[in-house]
2 protein chains.
Amino acid sequence: MEDIPRDGTAAPKGTVTQRAIERIKAMITDGSLEPGQRLPTERDLAAELGISRSSIREAIRALTVLGVLEARHGSGIYVTALNAGDLLETFGVVADLSRGPRLVELLQVRRILESTATALAAARITPEELAAVEGHLAAMNATDDPEEILAHDLEFHRVIARAAGNETMAAILEGLSSRTFRARVRRGYQEEGAFARTRREHAAIHRALAARDPEAARSAAAAHVGEVEEWLRGQVGP
Amino acid sequence: MEDIPRDGTAAPKGTVTQRAIERIKAMITDGSLEPGQRLPTERDLAAELGISRSSIREAIRALTVLGVLEARHGSGIYVTALNAGDLLETFGVVADLSRGPRLVELLQVRRILESTATALAAARITPEELAAVEGHLAAMNATDDPEEILAHDLEFHRVIARAAGNETMAAILEGLSSRTFRARVRRGYQEEGAFARTRREHAAIHRALAARDPEAARSAAAAHVGEVEEWLRGQVGP
DNA sequence: GGTCTGGAGGTGGTCGGACCACTTGGGCGA
DNA sequence: TCGCCCAAGTGGTCCGACCACCTCCAGACC
């Protein structure tokens, strides 16, 4: 089906695998591949694109780590739901690999987005979601286990991000708060006994949400993240 | 040759390739692999990790598309500078693959970040950068070629994002404004003769920057992106 | 001596085939 | 009819070979 164009229009741009990646991406953007749909087998795809199975496998693997495809052993290859979460999972990798000044920059981005998300949440949070927030807040204050505190801390912010009504923003914030990222920052941070302050900040955020006060929520969230940001800036820079 | 696992700690989590990806990522995070450094040969890496060359190649390919590694044919594999741009390039893929409601969400994220970036830029932009902004503004108004306009439009915002002093934020905005994304939005948008309005908005942003007025810059940028956002919302939703 | 050039070796890129691990679904037997 | 089991099909892994490209240096040349 795929005869080789003799003219230079289809320039042999990049590697064969790279072209395969583009082809598959194109199939999705132009609608021939729907979310959740099953792709042809690796062997068929290879034949269809006129390349070897090894090459098509590399392309598939690449799209898999990007969260676009999902390979199920023994079953087949499927297009993911293309949810924001699927695609933005790689955002966590960036946080993991970032060090020094870029960590501060990432935290700055998070401060901007998180404060806005919290403000939005204040205006549209449901009673159920507010109850969940309170639950995590209480759980956080009820234990001394750092692991558990961190887990509820993450959930606390996750629920708020979800309540903002922007799945994409929530997914980005999720990546920005990836486990290792938080753990790394926390490790040193908590040692300075900033526990009490963190609790106060969380409480302030909750109060603003309960009062449905977007501006207060924005300030509280910005202050919360900014606190960590300032500390980290001191650790990195001179 | 390597039938015996060295110790029991090597849990058989996931596929061999997946483990290889984690191993390489770990080498970078723990510092054994510096940015710009050359990795061992694919053949050596395969032997070192006790896996086949095919598998290690898939892992390398995956990290390549993530912007972590860079393979130079005939030369070797290198760790990228790990700049924000390298790692966040994949963000553009998300924009390319997003449709419908998620496009609106992405634009909302862009509005938040772009307005903040513009505000920051107003406070710290240098005369040289301001001149560059003016240059693109003038070039944009001097031609009718949509291609050229789009190019200068992108540069206009790029210079401003850079001037904000946060490379990470600039890289994210770059991905959010990827060529195809903008082209897709523009295609229909310009047809409604919103040309003049776009010019006015750009001029307003420039005025705010020249006046070093962060608040005015924030409003102007938010209005600019919000304009497109509103239009797109109307296209998607009912 | 310094400079250019050619080639050899090493590297990633591609290919084809083989086998294994796992899932699936239909046929067989109870 | 129900349940189990196995065969076919799928992705996962490995191997060996060859190709395209880059690098570097020995040797020729000026």
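We name chains A, B, ... by the order of the sequence lines, and we start the count at 1 in each one.
Not counting sequence neighbours, the partners of B:E155 by the salt bridge (charged side-chain N to carboxylate O under 4.0 Å, His left out) test are B:R158. The salt bridge (charged side-chain N to carboxylate O under 4.0 Å, His left out) search around A:E22 returns A:K25, not counting sequence neighbours. Judged as a side-chain contact (heavy atoms from CB on, under 4.5 Å), and not counting sequence neighbours, the contacts of B:E129 are B:I125, B:T126, B:V159, B:A163.
Pairs of residues two or more places apart, or lying in two chains, that qualify as salt bridge (charged side-chain N to carboxylate O under 4.0 Å, His left out) and include a residue from residues 93-118 of chain A are A:R110-A:E114, A:R111-A:E229. Within the structure, the salt bridge (charged side-chain N to carboxylate O under 4.0 Å, His left out) test picks out the following pairs touching residues 55-67 of chain B (sequence neighbours left out): A:R57-B:E58, A:E58-B:R57, A:E58-B:R61, A:R61-B:E58, B:E42-B:R57. Applying the ring pair (Phe, Tyr, Trp, His ring centres under 6.0 Å) definition to pairs two or more places apart or across chains, those involving residues 68-117 of chain A are A:F91-B:F91. The stretch residues 76-91 of chain B participates, sequence neighbours left out, in no salt bridge (charged side-chain N to carboxylate O under 4.0 Å, His left out) pair at all. Here salt bridge (charged side-chain N to carboxylate O under 4.0 Å, His left out) pairs that include residues 62-76 of chain B, with residues two or more places apart or in two chains, are B:E70-B:R72. Evaluation of the ring pair (Phe, Tyr, Trp, His ring centres under 6.0 Å) test over residues 154-173 of chain B, restricted to residues two or more places apart or in two chains, returns B:F156-B:H202, B:H157-B:H202, B:H157-B:H224.
Within a 6.0 Å sphere centred on CZ of B:R23, heavy atoms belonging to other residues, nucleotides or ligands number 12 at most.
Secondary structure note: stems in DNA chain D built from 3 or more consecutive Watson-Crick or G-U wobble pairs under 3.5 Å occupy C:1-30 with D:1-30.
Protein chain B contacts DNA chain C over a range whose 5' and 3' limits, counting nucleotides with an atom under 4.0 angstrom from a non-hydrogen atom, are C:dG10 to C:dT14.
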Atom pairs, N/O to N/O, protein against nucleotides 11-14 of chain D, distance under 3.5 Å?
from	atom 1	to	atom 2	distance (Å)
D:dG11	OP2	A:E42	N	3.1
D:dG11	N7	A:R43	NH1	3.1
D:dG11	O6	A:R43	NH2	3.4
D:dG11	N2	A:H73	NE2	3.2
D:dG11	N3	A:H73	NE2	3.3
D:dG12	OP2	A:R57	NH1	2.9
D:dG12	N7	A:R53	NH2	2.9
D:dG12	O6	A:R53	NH1	3.2
D:dT13	OP1	B:V16	N	2.3
D:dT13	OP2	B:T17	OG1	3.3
D:dC14	OP2	B:S52	N	3.1
D:dC14	OP2	B:S52	OG	3.3
D:dC14	OP2	B:S55	OG	2.8

